[in-house]
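The structure under discussion appears below in the form of structure tokens.
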There are 2 protein chains.
Amino acid sequence: MKEGPDIAYIATLIGDPARANMLTALMSGKALTVSELAQEAGVTIQTASAHLSKLDTAGLLRPRKQGRHKYFSLSNDDVAHVLEGLMGLAAGAGHLRKRTGPKDAALREARVCYNHLAGDMGTQMFDSLTAQGHVVLDNERPMLTASGAAFVADFDIDLDALRRARAPLCRECLDWSERRSHLAGSLGRAFLNRFEALSWARRDQNSRAVLFSREGAEAFRRLFPLKITL
Amino acid sequence: MKEGPDIAYIATLIGDPARANMLTALMSGKALTVSELAQEAGVTIQTASAHLSKLDTAGLLRPRKQGRHKYFSLSNDDVAHVLEGLMGLAAGAGHLRKRTGPKDAALREARVCYNHLAGDMGTQMFDSLTAQGHVVLDNERPMLTASGAAFVADFDIDLDALRRARAPLCRECLDWSERRSHLAGSLGRAFLNRFEALSWARRDQNSRAVLFSREGAEAFRRLFPLKITL
DNA sequence: TTAATGCTTCGGTTATGGTCGAACTATGAA
DNA sequence: TTCATAGTTCGACCATAACCGAAGCATTAA
């Protein structure tokens, strides 16, 4: 015993319900203020402040001061990755939160997973890309093919710029609700950005839900048809 | 708030020092008895029993009864993956355990990470495979090339059998001590098995350390030369 | 300046949960 | 059978840490 990094330290931090709620809220990718996070967690502001300070000194958060506001966001992809992993384990344990309200339905349909599209539509997009041969799975790892590169370029995504950045282009992300793969990485983020830029969808203010307009959803289905509809 | 799986439930479970020690011990990939895990965690047997029961009902462990012994192991790769991720965060937070004794030195040199080789020699193996063109990194994801397949076959590893199994062949694993990639997945496991079968190395009984013999280490270096020595 | 808002710090209360001793069950050995 | 070992369950104790009220600090608006 007493070998390796202090895993309990980090896990305890995530393990408190209030802090877990805050972290989950930050999975939206947005930067949130102390008051907003207090609201999310259902605690008073001073309690939230104490929690956030702990998460910060552990390096899980990236704070930014702006005037009299203090914004927090997850410090990097690794943190988001671990959180998603924990969600997977919790979902696997059949340990979902109480009931599934109307909000939950929207979350299952489409939501952001840190910075890319997850949920039903996320997996649909992924499946469609695979079916069309734009993405191939190599040992459960997604790779963009030549036709995929053309497809992406057609959609006005600057692939070269993405490649130049050091972040991984394609990443697989296991969805906790669907238990199936969807596209993460900088390409996944780029797709979501385009959807928003085209006004196909917008992010819900109060949750991680991604709300597609009727036209947006239709365009999405045309672009990412399911195998059956081919 | 109140969306998604109960991440705090799992994190709290991992967050207790005693349980974290047990889980860390199980990262060795071995199945351990209640008494052994109690020893690892530094608690009495009845306390360990209670902890293990909780971890079990959460689905993190796989129990097996054998005679009057009860063996526990991690229930799957996902659990190991999350744990390794947490180690990464903890190490990133500069929050390493107290001091680094002589035992720790051995751990940095070579240790098992769930079921494959990690530490200095793990990253060396990975770097060498990459330098020789046996493995290519595609967006930070390792892939076995044709020459790599031949290399593996030469080493008497039954690649087809591995491919038939559903588990991913190559997986990247970020080392917490080196902060660099090494080879996980079923191929990583197969390599470690071969090292043991050839008596190049054996696992330390009381830690996650992998102890190479002098001849084994030489053979290892011949097989996996560093770029500089080429 | 004063007032209002956003956040932090301090002190005291409370409860959750980790801990062990002791008693109990189950498997195997003598 | 009796004894020994492995593990579980129960009950009581105790410490850690989450929580909020109140007061304090910092920034912006009036």
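Naming convention: chains lettered A, B, ... in sequence-line order (proteins, then strands); numbering from 1 in each chain. Owing to the predicted nature of the structure, the values given are computational and were not obtained by experimental measurement.
In this structure, CG of A:Asp56 is placed 13 Å from C1' of C:dT8, rounded to the nearest angstrom. A:Leu55 places its CG atom 16 Å from the C1' atom of C:dC7, with the value rounded to the nearest Å.
Extent of DNA chain D lying under 4.0 Å from chain B heavy atoms, first and last nucleotide in 5' to 3' order, is D:dA4 to D:dT9.
Taking B:Arg62 as the reference, nothing meets the side chain to side chain donor-acceptor pair (under 3.5 Å) condition, with sequence neighbours excluded. B:Asp160 pairs by the salt bridge (charged side-chain N to carboxylate O under 4.0 Å, His left out) definition with nothing, not counting sequence neighbours. Partners of B:Glu218 by salt bridge (charged side-chain N to carboxylate O under 4.0 Å, His left out), not counting sequence neighbours, listed by chain and number: B:Arg214. Looking at residues two or more places apart in sequence or on another chain, you find a side chain to side chain contact (heavy atoms under 4.5 Å, CB included) between B:Val82 and A:Leu86, A:Leu89, B:Leu86. A:Glu196 pairs by the salt bridge (charged side-chain N to carboxylate O under 4.0 Å, His left out) definition with A:Arg203, not counting sequence neighbours. Residues forming a side chain to side chain contact (heavy atoms under 4.5 Å, CB included) with A:Val210 (at least two apart in sequence, or on another chain): A:Ala110, A:Val112, A:Leu117, A:Ala201, A:Phe212.
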List the atom pairs, with distances to 0.1 Å, where a side-chain N or O of residues 44-54 of chain B and a protein N or O form a donor-acceptor pair under 3.5 Å, not counting sequence neighbours.
residue : atom : partner : partner atom : Å
B:Thr44 : OG1  : B:Gln46 : OE1          : 3.3
B:Thr44 : OG1  : B:Thr47 : OG1          : 3.0
B:His51 : ND1  : B:Arg19 : NH1          : 3.0

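At a threshold of 4.0 angstrom between heavy atoms, the contacts of B:Ser53 with the nucleic acid are absent.
For the pair A:Arg64 and A:Phe72, the cation-pi test (distance below 6.0 Å, angle within 45°) is failed.
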Q | Heavy-atom protein contacts under 4.0 Å, nucleotides 14-30 of chain C, coded B base, S sugar-phosphate only, - none | A | ----SSBBB----BS--
